[in-house]
Amino acid sequence: MPESPIRKLVPYAEAAKKRGTKVYHLNIGQPDIKTPEVALNAVKNIDFSVLEYSHSAGFDSYREKLSNYYQTHGVDVNKQDIIITTGGSEALLFALGSTLDQGDEVIIPEPFYANYNGFSTASGVKVVPVISTIDEGFALPPIASFEQLITPKTKAILICNPGNPTGYVYSAAEMQQLADLVIKHDLFLIADEVYREFIYDDNVKHQSVMNMPTIADHAIMIDSVSKRFSMCGARIGCIVSKNAEVITTAMKFAQARLSPPSLAQIASEAALDTPDTYFDEVKKEYKTRRDLLVSGLRQIDGVQVAEPKGAFYCIAKLPVKNADHFAQWLLESYNYQGETVMVAPAAGFYSSPNVGLDEIRLAYVLNVADIEKSVLILKEALKVYNS
Ligand SMILES: Cc1ncc(COP(=O)(O)O)c(C=O)c1O
């Protein structure tokens, strides 16, 4: 199993904290946004005597309400298309397990969410990366570069939209290109849409894979409450597909692990009553943070950033040879007035060797003051590191 680039520097951060250094965590997508009260209240004073398993597909009432939520938010999903999972993480495992056999290949534009490597390894599946670049803003690579990689073993293309770690949002035209490709080669298109609500520019529209009728049988959507409702600890997500065979197969995985967590489903079901004003405020806050981080980073000599359109991450190219070493040095050997920052070296978000060595991923999940401070620390640190 590959190690997680997001968590591997944790021991160095812990040691820095023991030495009394304050560490700003830009390395991990744990939002500081409050979980909606309706969700918390639903489980606060709950009255039951047995904490039972639920149905393997999740509570019927939750699936029903979730499908209504999708419909009212313009995503074409019905109850029978949904299996509730233990986080989007388990949905990814079910999706790979249901569509690829051992030794089959999944093509993924990189840089990609690092755990796709781990889930693929665990499923005995080979990741075939296709590189997207910071110079192109991490747009979809040319379709010809996907086509070159297709072999008899290729069964699926996996995308993250909006993208972690790039923040890129695929346009309707790019999604159509992918749709044409999966039809031509009879592949599945697995779309990880856990950041669907987090889009910051009015002229950028999200194209859900569920709203593309021509690929209804090829499309699988991955979703989660973790980021949408700031409920990462609930461990609730879902796998969604209109292909009944995919859902029947995923149900075998779901039955093998018995059920998703019952208490967290109650909270997640209640979270669907969160007023839209919650999202308006959350999006406004993230947009402010994004703008601050991107403009701050761009003012540092030698730093390149592709502006993220969605999610809450960005990749920054640094004037260093080895961002892995720099990230460790920040925690082990550097502090600016008793403070430092923790970032995720981006090489772990690529599966091609020796790519992204000078890049880091930053999560803009801290408040405005902390982001300002973190940018200042990075700027001062780079001066010292490169002197
Ligand atoms: C792109 C993406 N997909 C899936 C997940 C998994 O989320 P969870 O298992 O908490 O639902 C994450 C978590 O950060 C993510 O960033």
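Just follow the structure's listing: the first ligand is 1, and inside any ligand the first atom is 1.
Listed by first and then second residue, the salt bridge (charged side-chain N to carboxylate O under 4.0 Å, His left out) pairs that reach into residues 84-101 are Glu90-Arg257, sequence neighbours excluded.
When non-hydrogen atoms are compared, ligand 1 lies under 4.0 Å from neither the backbone nor the side chain of Glu90. Contact annotation for Cys160 and ligand 1: only side-chain heavy atoms (C-beta onward) come within less than 4.0 Å of the ligand.
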Passes salt bridge (Lys or Arg N to Asp or Glu O under 4.0 Å), Glu307 versus Lys309? Steps please.
CA-CA 6 Å; Glu307 182 172 78; Lys309 306 287 179 208; 3.4 Å; yes

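Across Tyr116, Phe112, Tyr113, heavy-atom proximity to atom 15 (C) of ligand 1 is greatest for Tyr113. Looking at Thr85, Asn115, Asp192, Asn161 and measuring to atom 4 (C) of ligand 1, the nearest heavy atom belongs to Asp192.
Other members of the cluster containing Val38 do not exist, because no ILVMFWY side chain is joined to it at under 4.5 Å.
Using a cutoff of 4.0 Å between basic side-chain nitrogens and carboxylate oxygens, Lys184 and Asp180 are not scored as salt-bridged.
Looking only at heavy atoms of the protein, atom 14 (O) of ligand 1 is closest to Lys227 NZ, 2.9 Å.
Interface atoms of ligand 1 facing Ser224, defined by a heavy-atom separation under 4.0 Å, are 8 (P), 11 (O). Close approach to Arg235 involves these atoms of ligand 1, each under 4.0 Å from a residue heavy atom: 8 (P), 9 (O), 10 (O).
For the pair Pro319/Asp301, no side-chain contact is recorded, criterion being any heavy-atom separation below 4.5 Å from C-beta on.
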